[in-house]
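Proteins come first, then strands; the chains are lettered A, B, ... in the order of their sequence lines, and each starts at number 1.
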Number of protein chains: 2
Amino acid sequence: MEEGQSSRKQPKSCPSTYKTFSLSLQALVILAKHSSTCPSSDIATYMQSEATLLRRILAVLAREYIIETREGREGGYRLSKSPDLITLAEVYSALQIDEARCSGMTEATGENSFGVKMKSVMFDITSEIDQSVLTVLNKYTIADLVERTCEPD
Amino acid sequence: MEEGQSSRKQPKSCPSTYKTFSLSLQALVILAKHSSTCPSSDIATYMQSEATLLRRILAVLAREYIIETREGREGGYRLSKSPDLITLAEVYSALQIDEARCSGMTEATGENSFGVKMKSVMFDITSEIDQSVLTVLNKYTIADLVERTCEPD
DNA sequence: GGATCATTACTCGGATACGCCGTGTCCGAGTCTCCCGGG
DNA sequence: CCCGGGAGACTCGGACACGGCGTATCCGAGTAATGATCC
């Protein structure tokens with residue numbers, strides 16, 4: 001039997017939670033402020049977080065071509081494109097947070113006819129929620145976050 | 001002494017996850033189909049889930065006056081009002097799933113100036129997402145789910 | 001026959017134990033830089 | 001002076017262990033129906 005279309009996605013990397021999303025956004029803002037490459041240890045120090053956890057998350061973003069890695073001395077992470085071209089929805093989708101919500105909703109159903117029908121309904125509602133969330137997140141870019149973190153108000 | 005606007009929030013009760021939300025919706029649909037009171041064991045059997053887990057969740061819904069409990073023989077759970085008056089947003093808010101998302105986003109920030117600013121930004125975005133989600137969930141009621149689970153398509 | 005009360009069966013809610021997932025710590029593989037020697 | 005090679009140091013990514021949260025199992029407290037008993 002073929003494996004299907006699940007070839008590119010390694011869900012083993014990092015947890016698809018909102019904390020991960022928050023850490024990703026903060027790291028991207030920091031990378032946007034730094035012009036050159038920035039190692040994970042510096043980011044972790046600035047964010048008061050753990051370097052390995054950041055690396056796990058940033059590896060996913062690098063796999064989705066949002067950032068680029070550079071190993072060796074003077075290496076680290078760097079944005080692949082301009083901060084105003086990176087939407088929060090793009091980061092959100094890269095981390096597959098919507099799929100986590102979907103599985104959380106649909107996998108809680110049984111196998112009988114009622115469970116199957118409810119699973120279908122849950123999937124529809126989840127899809128609508130995800131689309132709504134993506135619409136909101138599409139309005140903001142990393143550049144917006146940089147601006148809002150530099151100017152208090 | 002009145003408790004004020006705290007409205008007796010015991011976060012110790014059940015996890016604020018989407019699986020909980022899914023189980024709540026399924027249980028409410030089942031309760032809407034049954035006119036009289038229905039014990040948790042019957043609901044769990046029909047949903048192919050665990051009775052104690054359902055009871056934990058339903059206790060929260062009863063605390064928010066969405067359903068009513070009746071102990072003793074021939075007891076169980078019963079909807080407090082008509083299914084077409086119970087919106088999914090109401091259930092969603094009762095389970096405090098939005099607060100779980102908010103804490104997941106805001107608690108991932110540090111304590112320095114950058115972390116505080118990011119926390120504020122995260123809170124704003126989270127609030128906007130929550131409002132969007134609630135808007136979607138306000139369009140549907142338990143009666144809608146009952147209808148969609150009875151009529152295949 | 002009707003009312004009262006003890007019995008009983010059935011319910012929910014809480015306490016406890018197990019398992020999984022997320023997180024923290026450590027280490028190896030890889031690579032880019034820097035310095036030094038030779039032409 | 002310019003170029004090439006080796007050492008060095010710094011980086012990321014993966015493996016392993018700890019901790020917390022969610023979940024499952026069990027049990028007690030409480031209540032409403034039931035049936036027997038008495039008036």
Side-chain donor-acceptor pairs under 3.5 Å in residues 24-34 of chain B, sequence neighbours left out?
| residue | atom | partner | partner atom | Å |
| --- | --- | --- | --- | --- |
| B/Ser24 | OG | B/Thr20 | O | 2.8 |
| B/Gln26 | NE2 | A/Ala108 | O | 3.1 |
| B/Gln26 | NE2 | B/Ser22 | O | 3.4 |
| B/Gln26 | NE2 | B/Ser22 | OG | 3.1 |

Kindly list each side-chain donor-acceptor pair under 3.5 angstrom involving residues 45-52 of chain A, sequence neighbours excluded, with atom names and distances?
| residue | atom | partner | partner atom | Å |
| --- | --- | --- | --- | --- |
| A/Thr45 | OG1 | A/Ser41 | O | 2.8 |
| A/Gln48 | OE1 | B/Glu111 | N | 2.7 |

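Checking B/Thr37 against B/Arg70 by side-chain atom types alone, no donor-acceptor pair falls below 3.5 Å.
Taken residue by residue, residues 101-108 of chain A places no heavy atom nearer than 4.0 Å to DNA chain D. Scanning residues 38-52 of chain A for heavy-atom distances under 4.0 Å to DNA chain C yields A/Glu50, A/Thr52.
Protein atom CD1 of B/Ile57 is 11 Å distant from nucleotide atom C1' of D/dG22, rounded to whole Å. Note: CG (B/Leu54) to C1' (D/dT23) measures 13 Å, nearest angstrom. Taking atom NZ of residue A/Lys19 and atom C1' of nucleotide D/dC21, one finds them 13 Å apart after rounding to whole Å. Atom-to-atom, CG of A/Leu53 to C1' of D/dC12 comes out at 15 Å; the value is rounded to the nearest Å.
Atom CG in B/Asp84 sits 11.0 Å away from atom CD in B/Glu147 (nearest 0.5 Å). Put simply, NZ on B/Lys19 and CD1 on B/Ile57 are 8.5 Å apart, with the number rounded to the nearest 0.5 Å.
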Under-3.5 Å N/O pairs linking protein and nucleotides 16-20 of chain D:
none

If you restrict it to nitrogen or oxygen atoms, what contacts under 3.5 Å exist between nucleotides 29-36 of chain D and the protein, and what is each distance?
| residue | atom | partner | partner atom | Å |
| --- | --- | --- | --- | --- |
| D/dA33 | OP1 | B/Arg70 | NH2 | 3.0 |

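Screening residues 118-141 of chain A for salt bridge (Lys or Arg N to Asp or Glu O under 4.0 Å), with sequence neighbours left out, gives A/Arg101-A/Asp130, A/Asp124-B/Arg148, A/Glu128-B/Lys139, A/Lys139-B/Glu128. Judged as a ring pair (Phe, Tyr, Trp, His ring centres under 6.0 Å), the pairs with a partner in residues 52-98 of chain A (not counting sequence neighbours) are, in order, A/Phe21-A/Tyr92.
In this structure, the salt bridge (charged side-chain N to carboxylate O under 4.0 Å, His left out) partners of B/Glu68, at least two apart in sequence or on a different chain, are B/Arg78. Residues passing the side chain to side chain contact (heavy atoms under 4.5 Å, CB included) test with B/Ala100 are B/Ser16, sequence neighbours excluded. Taking B/Thr135 as the reference, nothing meets the side chain to side chain contact (heavy atoms under 4.5 Å, CB included) condition, with sequence neighbours excluded. Not a single salt bridge (charged side-chain N to carboxylate O under 4.0 Å, His left out) links B/Arg73 to another residue, sequence neighbours left out.
Listed for the B/Ser93 side chain is no donor-acceptor partner under 3.5 Å among the backbone atoms of B/Glu90. Of the possible polar contacts, one joining the B/Asp144 side chain to the B/Thr141 backbone as a donor-acceptor pair under 3.5 Å is found.
Considering only side-chain N and O atoms, A/Tyr18 lies nowhere under 4.0 angstrom from the phosphate OP1 or OP2 of C/dG22.
In this structure, A/Arg55 and B/Gly75 both approach DNA chain C, and ranking their closest nucleotides by distance from the 5' end singles out B/Gly75.
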